[in-house]
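In what follows, a structure is listed as structure tokens, so that the remarks can point back to it.
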There are 2 protein chains.
Amino acid sequence: MRIGELAESTGVDVETVRFYEKSGLLPLPSREANGYRSYGKTHLERLAFIRHCRALDMPLADITRLLNFVDQPASDCGDINVLVDEQIVRVKARLKSMRALEKQLTVLRRQCGEPHSTQECGILHELVSAAHGEACACHAGH
Amino acid sequence: MRIGELAESTGVDVETVRFYEKSGLLPLPSREANGYRSYGKTHLERLAFIRHCRALDMPLADITRLLNFVDQPASDCGDINVLVDEQIVRVKARLKSMRALEKQLTVLRRQCGEPHSTQECGILHELVSAAHGEACACHAGH
DNA sequence: AGAAACCCTGTAGTCGCTACAGAGTCAAGC
DNA sequence: GCTTGACTCTGTAGCGACTACAGGGTTTCT
């Protein structure tokens with residue numbers, strides 16, 4: 001299988017496949033006589049694994065560690081739990097701040113219904129008031 | 001006011017202040033005889049404005065546009081609404097995918113309660129099954 | 001006087017790709 | 001046989017928003 005086919009069947013960009021190889025996530029494939037990369041089933045599975053982890057927003061460094069576990073079936077899996085737990089903590093934290101962010105933005109958006117001169121724009125007024133150290137509606141309630 | 005004081009009173013890193021200057025967000029300050037940057041109240045307010053916008057996760061390019069509006073008080077503010085609306089759309093979309101992500105991760109985490117051999121780890125099993133194109137619990141229900 | 005804390009410029013690193021530039025290879029159509 | 005187009009190769013640079021030096025100069029405190 002050439003790189004284009006591998007990329008196609010995993011929904012990954014060709015450049016990204018080469019990037020994963022360079023980053024050490026994908027093992028070096030064998031080469032055809034012309035120098036083209038030649039992939040097998042194991043590469044396909046490994047790439048699918050990587051994409052699945054990426055869909056869970058795991059950093060590549062963590063995926064590397066997971067792949068090491070996959071390659072050593074006899075090792076203890078305790079660190080895998082830790083790794084997933086850390087990821088959950090990260091996501092939860094981001095989620096919390098995103099929720100606050102959404103609220104702040106909608107409050108801010110309400111400051112200006114109809115377009116008018118910038119001078120009277122409630123949104124800008126809000127943003128500028130922060131610059132004066134005043135309380136602003138969008139960041140008022142923590 | 002020197003750069004350290006400015007950074008301190010806005011909660012911004014000194015390097016970040018210089019970065020904002022280089023990016024054209026902060027106007028060039030005057031310099032002391034020794035070459036040190038010298039800031040005034042306007043810089044302080046502008047920097048606070050920038051940080052407030054960044055707290056709303058706006059890209060620097062959008063903040064630049066907002067600052068242009070601030071500098072032209074007579075202009076129409078219609079584009080400001082558009083800008084904020086776009087930001088809200090971005091945040092809502094990210095929020096949605098983050099929520100799905102959290103769910104997927106907690107499902108995944110449940111696959112492995114107690115540490116044991118990697119071979120039997122439910123988490124790895126889930127992740128690997130995706131590599132075989134099978135349905136996985138964490139990405140099962142869309 | 002000497003050390004710590006500040007300031008300067010400029011460059012490189014982070015993360016996970018993405019987008020070239022410039023070249024070689026291959027299959028199909030005319 | 002020759003061109004066109006699609007594929008592949010390597011290597012490097014760019015994104016966004018910083019962060020972290022390296023290698024110097026200046027100020028401030030003791």
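What you see is a predicted model; the values in this text were computed from it and never measured. First the proteins, then the strands, lettered A, B, ... as listed; each starts at 1.
- Rounded to whole Å, atom P of dC9(D) lies 12 Å from atom CG of Leu28(A).
- Using a cutoff of 4.0 Å between basic side-chain nitrogens and carboxylate oxygens, Asp13(A) and Arg18(A) are not scored as salt-bridged.
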Under 3.5 Å between N/O atoms: give me all the protein pairs with nucleotides 3-6 of chain C, atom names plus distance.
none

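- As rounded to whole Å, 14 Å separates atom C1' of dT8(D) from atom CG of Leu6(A).
- Applying the side-chain hydrogen bond (donor to acceptor under 3.5 Å, both in side chains) criterion to Tyr39(A), with sequence neighbours excluded, gives no partner residue.
- Heavy atoms from other residues, nucleotides or ligands lying under 6.0 Å from CZ of Arg94(B) number 12 at most.
- In this structure, of dC9(D), dC26(C), dC8(C), it is dC26(C) that holds the atom nearest to the side chain of Asn34(A).
- Taking the side-chain hydrogen bond (donor to acceptor under 3.5 Å, both in side chains) definition, one finds that Asn81(A) meets it with nothing, sequence neighbours left out.
- Against DNA chain C, the stretch residues 87-102 of chain A makes no heavy-atom approach under 4.0 Å.
- Regarding Arg37(A), its CZ atom lies at a distance of 17 Å from the P atom of dG24(C), rounded to whole Å.
- At dA20(D), none of the side-chain N or O atoms of Arg18(B) fall inside 4.0 Å of OP1 or OP2 (strictly under the cut-off).
- Between Asp79(A) and Arg65(A) there is no salt bridge, since no side-chain nitrogen of the basic residue lies less than 4.0 Å from a carboxylate oxygen of the acidic one.
- Rounded to an integer number of Å, the gap from Leu26(B) CG to dA17(D) P is 15 Å.
- The main-chain N or O of Val12(A) is never found under 3.5 Å from a side-chain atom of Thr16(A) such that the two would form a donor-acceptor pair.
- Using a 4.0 Å cut-off between charged nitrogen and carboxylate oxygen, Arg37(B) and Glu32(B) do not count as a salt-bridge pair.
- Proximity of a side-chain donor or acceptor of Gln87(A) to a complementary backbone N or O of Leu83(A) within less than 3.5 Å is not detected.
- Of the charged side-chain nitrogens involved, none lies within less than 4.0 Å of a carboxylate oxygen, so that Asp85(A) and Lys92(A) do not count as a salt-bridged pair.
- Axis orientation changes by 20° from one end of the helix from dA1(C)-dT30(D) to dC30(C)-dG1(D) to the other, with each end axis drawn from 5 pairs and the value rounded to 10°.
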| query | What string of B, S and - do you get for nucleotides 13-19 of chain C 5' to 3' if you count protein non-hydrogen atoms under 4.0 Å? | reply | ---BBSB
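- The distance between atom CD of Glu32(B) and atom P of dC7(C), rounded to the nearest whole Å, is 9 Å.
- Around atom CD of Glu86(B), more than 12 heavy atoms belonging to other residues, nucleotides or ligands sit under 6.0 Å away.
- The interatomic distance linking Glu5(B) (CD) with dT28(D) (P) rounds to 12 Å, in whole Å.
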| request: Begin with the C-alpha distance, continue with both residues' side-chain angles, and end with the deciding distance and a verdict on side chain to side chain donor-acceptor pair (under 3.5 Å) for Tyr20(A) and Arg54(A). | output: CA-CA 12 Å; Tyr20(A) 285 159; Arg54(A) 285 296 301 139; 4.5 Å; no
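- Here the side chain of Ser9(A) pairs a donor or acceptor atom with the backbone of Glu5(A) at under 3.5 angstrom.
- No side-chain heavy atom of Leu56(A) sits under 4.5 Å from any side-chain heavy atom of Val91(A).
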